[in-house]
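Following: one structure in structure tokens, then a few remarks.
Not measured: the values here are computed from a predicted model.
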Amino acid sequence: MRTRDLRKPRLGDSITIIIVGAVVALAGCAAQPAKTPSGPAGDSAPSTAEAAAAPIDFRTFNETSCPNSAASYQEWVAKFQSYALSKGRREDVVQTAFLGVKENPEISDRAAKQPEFVTPVWTYLERAVSDDRVARGQLKYQENKALLTGIEHDYGVPREIVMGIWGIETDFGNNFGDANVFEALTNLGYRANRQSFACTELLAALDIVANNKVPASRMVGSWAGAMGHPQFLPSNYLTLAVDRDGSGVPDLWESLPDALASAANHLVDDGWQRNLPWGLEVKLPATFPYGEAELDLTQPISHWKKLGVTRMDGSALPDLPGGTSILLLAGHRGPAFLITENFKVILKYNYSTSYALSVAHLGDRVLGGRRFIGKWPVHERPLSLPEREEVQTLLLARGYDVGKVDGVLGLKSRKAAREFQKELGWPQDGFINKALLEELRRRKNV
């Protein structure tokens with residue numbers, strides 16, 4: 001799922017936490033494959049003509065007037081049901097969809113512990129791009145080579161990127177998740193303070209059922225409400241899912257043509273540029289100005305060439321169009337990557353740099369690419385949540401803008417760390433580790 005991160009209703013929309021796929025399991029600890037009901041849409045879902053709800057453009061829709069408080073889970077569900085009826089959703093669909101849903105504390109716990117944000121990038125990569133997963137991906141690629149070639153031709157998204165999304169999201173279809181989508185989303189709305197997100201996605205899920213797309217019994221997915229091979233949220237399904245096999249409805253569970261074409265369509269909708277690679281691992285010179293290495297700092301490729309940045313073998317960088325950035329996920333002692341705008345498109349699928357790098361690297365490895373050459377600082381002990389929050393609090397006390405003190409060391413926190421590193425005379429790489437925390441503690445009253 002898209003992951004804060006909780007998947008966002010649509011890539012490109014601004015949500016604080018993006019849930020794109022409950023990709024948690026897919027970072028290497030996937031559970032047993034979920035058993036999903038067979039066959040495409042069916043059951044007794046009402047016809048489109050019978051639906052009474054006014055159509056909603058879920059590309060721009062962001063529900064803000066849904067239930068925001070309740071004394072219990074059951075009360076929150078009841079409030080949402082009344083709210084959905086007031087929005088024109090049919091009573092029989094609402095009753096069927098929420099039949100048997102129950103409170104599930106595990107869902108909100110998983111929302112707070114997504115590996116993209118609490119696991120060191122090197123550990124995340126080791127799990128997400130394991131040798132076993134690469135081998136499975138290579139078999140799946142050979143089985144579906146003709147399909148992937150066609151999708152690449154039609155959408156301009158390289159087959160390796162589609163394979164990377166598929167592998168990271170669901171381990172090539174081995175783990176769709178086993179949560180009732182309506183149960184997952186109501187728990188996020190009630191327990192995880194994601195009311196607007198939950199209500200938007202629940203309305204979309206009801207529309208899927210009401211319009212005979214997928215029966216309620218088949219709405220099974222991740223803890224974040226994402227479904228099928230590409231882990232689409234309900235609103236993504238309504239706006240971006242593709243019926244490539246011509247069955248009449250997009251089937252993201254059992255139709256690989258639909259599922260993989262939908263993933264490609266998702267990326268195109270977010271701005272994927274044909275014939276532009278995601279980036280490459282690079283070698284930085286000793287004199288490199290680390291303060292220039294960040295996602296939101298872009299330069300033409302000529303800028304990095306002038307600074308002495310090269311390929312890992314020392315040869316010149318390729319001539320790439322548009323803005324590029326240098327990404328350091330483990331500071332100046334770790335690997336360095338030159339990334340293009342297409343890397344940032346992958347980020348829209350799930351706003352986590354660990355996730356996006358894993359998608360790119362897994363896809364490359366499946367198609368025969370090499371491992372990264374740079375060494376990760378595996379000796380670094382990852383900071384605990386209280387320690388990450390302490391870093392943010394201490395930086396804030398020194399006048400640096402870290403955004404919200406939540407333990408998520410994102411762009412603002414890295415920029416604040418750079419300012420403090422400049423104050424110390426350290427390399428301004430924005431890497432937040434135990435040494436930085438200890439220095440902040442030492443200077444707490446200075």
Using the six-membered ring wherever Trp is involved, compare the ring planes of F337 and F372 and label them parallel, tilted or perpendicular (cut-offs 30° and 60°). perpendicular
By side chain to side chain donor-acceptor pair (under 3.5 Å), H229 pairs with (sequence neighbours left out) W166
For V162 and A264, work out which heavy atoms get closest and say how close. CG2-CB, 4.3 Å
Tell me whether the centres of the aromatic rings in Y190 and F80 are closer together than 6.0 Å. no
How would you list, by chain and number, every residue that makes a salt bridge (Lys or Arg N to Asp or Glu O under 4.0 Å) with R370, sequence neighbours excluded? none
CG of L329 to CZ of F431, rounded to nearest 0.5 Å, is 9.5 Å
More than 12 heavy atoms from other groups under 6.0 Å of CZ on R274: yes
Would the distance check show the side chain of R388 and the main-chain N or O of L383 forming a donor-acceptor pair, the cut-off being under 3.5 Å? yes
Nearest heavy-atom contact between L347 and A356 is CD2-CB, 3.8 Å
The criterion is side chain to side chain donor-acceptor pair (under 3.5 Å); which residues satisfy it with Y290, sequence neighbours excluded? none
Using 0.5 Å steps for rounding, measure from the NZ atom of K213 to the CG atom of D251. 12.5 Å
Any heavy-atom pair between the side chains of F176 and S222 that's under 4.5 Å? no
Show me the pairs that pass salt bridge (charged side-chain N to carboxylate O under 4.0 Å, His left out) and involve residues 350-368, at least two apart or across chains. D131-R365
How far apart are the C-alpha atoms of F172 and Y141, what are their side-chain angles, what is the distance that settles it, and do they pass the side-chain contact (heavy atoms from CB on, under 4.5 Å) test? CA-CA 10 Å; F172 306 110; Y141 172 68; over 6 Å; no
When rounded to the nearest 0.5 angstrom, what distance separates CD1 in I168 from OH in Y355? 7.5 Å
E389: which residues meet the side chain to side chain donor-acceptor pair (under 3.5 Å) condition with it, sequence neighbours left out? none
Does the plane of the ring in Y237 sit parallel, tilted or perpendicular to the ring in W253? Use 30° and 60° as the thresholds. tilted
Main chain of D258, side chain of S262: is a donor-acceptor contact present, judged purely on distance under 3.5 Å? yes
Go through it in stages, so that I can follow the logic: the residues are W272 and I161, the test is side-chain contact (heavy atoms from CB on, under 4.5 Å), and I'd like the CA-CA distance, side-chain angles, deciding distance and then a yes or no. CA-CA 11 Å; W272 187 271; I161 296 298; 3.7 Å; yes
Heavy-atom side-chain contact between L395 and V391 under 4.5 Å: yes
Apply side-chain contact (heavy atoms from CB on, under 4.5 Å) to residues V209 and L206 and explain how you reach the verdict. CA-CA 5 Å; V209 175; L206 289 170; 5.9 Å; no
Which residues satisfy the salt bridge (Lys or Arg N to Asp or Glu O under 4.0 Å) test with K344, sequence neighbours excluded? E341
To the nearest 0.5 Å, what is the distance between OG1 on T186 and CD on Q195? 12.0 Å
Between the side chain of N187 and the main-chain N/O of I107, is any donor-acceptor distance below 3.5 Å? no
Between CG of L203 and CD1 of I208, what distance do you get to the nearest 0.5 Å? 11.5 Å
What residues form a side chain to side chain donor-acceptor pair (under 3.5 Å) with D296, not counting sequence neighbours? K415
With sequence neighbours excluded, give me every salt bridge (charged side-chain N to carboxylate O under 4.0 Å, His left out) pair touching residues 319-338. K305-D319
Search all heavy atoms of L148 against all heavy atoms of R159 and return the closest pair with its distance. CB-CB, 4.0 Å
Scan residues 231-247 for pairs that pass salt bridge (charged side-chain N to carboxylate O under 4.0 Å, His left out), counting only residues two or more places apart or in two chains. D154-R244
Given T324 and I339, is the side-chain contact (heavy atoms from CB on, under 4.5 Å) satisfied, shown in steps? CA-CA 6 Å; T324 56; I339 60 171; over 6 Å; no
Looking only at heavy atoms, the pair that brings P120 and P382 closest together is CG-CB, 3.6 Å
Just wondering, do P234 and L185 contact through their side chains at under 4.5 Å, heavy atoms? yes
Sort and list the pairs that fulfil salt bridge (charged side-chain N to carboxylate O under 4.0 Å, His left out) and have at least one residue in residues 401-410, not counting sequence neighbours. D401-K412
Considering residues at least two apart in sequence or located in another chain, which fulfil the salt bridge (Lys or Arg N to Asp or Glu O under 4.0 Å) criterion with E294? R414, R418
L307 side, atom CG; Q299 side, atom CD - distance, nearest 0.5 Å: 8.0 Å
For E160, all residues meeting salt bridge (Lys or Arg N to Asp or Glu O under 4.0 Å), sequence neighbours excluded: none
